[in-house]
Engineer: 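Got a structure here, written out as structure tokens. Questions coming.
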Amino acid sequence: MKKSYPYIFVIIILVVLLGISFYLGFSGYLFSVAMNSISSDLALGETVEVEISPNEASVLSFTIDGSYLPNERIPQVVQIRASDVDKEMRVRVKAEIFARDNLTPIDFVANQNFLKATDGYFYLNGNLAGGNKVTFCDYIVIPEEAKLNSKEKYILTIIVENIDASLENIWGDFEIA
């Protein structure tokens, strides 16, 4: 008479599943430790350089808390660099605070190289030559109409757009605000 041991098959399957769950749990733990040690947020207040590529938009994002008051000036130097560009570029910049329920445009204390237009963008007065950099701003100004909650976090996003100066200006002529 031949004996059947079906429980041995079940035990082997359970041991294999236990080994897989330990492996997945341990690798998930290592992944979370690695992700927590990486800080991808840009620190508000530090000098930031934006590297531009021809005919592309570049984006910077900062996490800020809502403790800033309207009309408060926050030190923030933003520089735009065209080191890998071999042509002259037209450049414009815009920034907004993203919240759960609204979108608030941000104002800058921009230097004399940038002019604010009525469309909300800051346009470089002239072109940015390849291999050069220009300082966009020294301060960010929280707008008076901003309704920030001190218990919430917000995302401040700065968008730098550029187009080849030899191409047709698809942005059109801008009107100074």
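Bear in mind the structure is a predicted one, so any value in this text is a computation, not a measurement. Atom set for the values below is all heavy atoms of this structure, side chains included, hydrogens, waters and symmetry mates excluded.
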Engineer: Once you round to the nearest 0.5 Å, how far does NZ of K151 lie from OG of S67?
Structural biologist: 13.5 Å
Engineer: Roughly how far, to the nearest 0.5 Å, is the CG atom of L156 from the CD1 atom of I140?
Structural biologist: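 These two atoms lie 5.0 Å from each other.
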Engineer: Can you measure from CG (N132) to CG (N127) and round to the nearest 0.5 angstrom?
Structural biologist: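 Here the interatomic distance stands at 11.5 Å.
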Engineer: Report the distance from atom CG of N162 to atom CD1 of I52, rounding to the nearest 0.5 Å.
Structural biologist: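 These two atoms lie 4.0 Å from each other.
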Engineer: Any pair with a residue in residues 128-143 that passes salt bridge (charged side-chain N to carboxylate O under 4.0 Å, His left out), sequence neighbours left out, goes on the list, sorted by first then second residue, please.
Structural biologist: E49-K133
Engineer: Could you pull out the closest heavy-atom pair between T157 and I155, with the gap in Å?
Structural biologist: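 So the two residues come closest at OG1-CG2, 3.5 Å.
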Engineer: Mind checking what makes side-chain hydrogen bond (donor to acceptor under 3.5 Å, both in side chains) contact with R92, not counting sequence neighbours?
Structural biologist: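 By the side-chain hydrogen bond (donor to acceptor under 3.5 Å, both in side chains) rule, R92 matches Y123, E161.
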Engineer: Checking R90 side chain against L167 main chain: does a donor-acceptor pair fall under 3.5 Å?
Structural biologist: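 Indeed, once roles are kept as given, a pair shorter than 3.5 Å links the two residues.
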Engineer: For residues L128 and I80, determine if any side-chain heavy atom of one lies less than 4.5 Å from a side-chain heavy atom of the other.
Structural biologist: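 The answer is yes; the side chains approach within 4.5 Å.
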Engineer: Could you name each residue pair satisfying ring-ring contact (aromatic ring centres under 6.0 Å, His included) that touches residues 127-146, not counting sequence neighbours?
Structural biologist: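 The answer is F108-F136, F114-F136, F122-F136.
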Engineer: Between D119 and Y121, is there a donor-acceptor pair closer than 3.5 Å when you use the side chain of the first and the backbone of the second?
Structural biologist: yes
Engineer: By the salt bridge (charged side-chain N to carboxylate O under 4.0 Å, His left out) test, which pairs, at least two apart or in different chains, include something from residues 21-31?
Structural biologist: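 Non-adjacent pairs meeting salt bridge (charged side-chain N to carboxylate O under 4.0 Å, His left out): zero.
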Engineer: Start with the C-alpha distance between T47 and Q79, add both sets of side-chain angles, then the distance that settles side chain to side chain contact (heavy atoms under 4.5 Å, CB included), and finish with yes or no.
Structural biologist: CA-CA 8 Å; T47 299; Q79 296 178 333; 4.2 Å; yes
Engineer: I8 and I11: same hydrophobic cluster, using ILVMFWY side-chain contacts below 4.5 Å?
Structural biologist: yes
Engineer: Can you name the closest pair of heavy atoms from A82 and A129 and give their distance?
Structural biologist: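 Residues A82 and A129, closest heavy atoms: CB-O, 4.1 Å.
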Engineer: Give the table of side-chain donor-acceptor pairs shorter than 3.5 Å for residues 13-24, with sequence neighbours excluded, one pair per line with atom names and distance.
Structural biologist:
{"unit_1": "S21", "atom_1": "OG", "unit_2": "L17", "atom_2": "O", "d": "3.4"}
{"unit_1": "S21", "atom_1": "OG", "unit_2": "L18", "atom_2": "O", "d": "2.8"}

Engineer: Hey, does the side chain of N71 reach the backbone of V141 with a donor-acceptor pair shorter than 3.5 angstrom?
Structural biologist: no
Engineer: Of all the heavy-atom pairs spanning V160 and V50, show the shortest one and how long it is.
Structural biologist: CG2-CG1, 4.0 Å
Engineer: Could you pull out the closest heavy-atom pair between V93 and I158, with the gap in Å?
Structural biologist: CG1-CG2, 3.8 Å
Engineer: If two hydrophobic side chains count as joined below 4.5 Å and joins carry through other members, does I74 share a cluster with L60?
Structural biologist: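 Yes, I74 and L60 fall within the same hydrophobic cluster.
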Engineer: Hey, are the side chains of S166 and E88 touching, using non-hydrogen atoms and a 4.5 Å cut-off?
Structural biologist: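 Not in contact.
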Engineer: Any heavy-atom pair between the side chains of I142 and L69 that's under 4.5 Å?
Structural biologist: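 A side-chain contact is absent here, since even the closest heavy-atom pair is not under 4.5 Å.
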Engineer: Is the closest side-chain donor-acceptor distance between S58 and E51 under 3.5 Å?
Structural biologist: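 Checked: S58/E51 side chains show no N/O donor-acceptor pair below 3.5 Å.
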Engineer: If Ile, Leu, Val, Met, Phe, Trp and Tyr residues are connected whenever their side-chain heavy atoms lie under 4.5 Å apart, and connections chain through other members, are V48 and Y68 in the same group?
Structural biologist: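 In one cluster with V48: Y68, yes.
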Engineer: Passes side chain to side chain contact (heavy atoms under 4.5 Å, CB included), I163 versus V91? Steps please.
Structural biologist: CA-CA 7 Å; I163 56 175; V91 178; over 6 Å; no
Engineer: S150: what forms a side-chain hydrogen bond (donor to acceptor under 3.5 Å, both in side chains) with it, not counting sequence neighbours?
Structural biologist: none
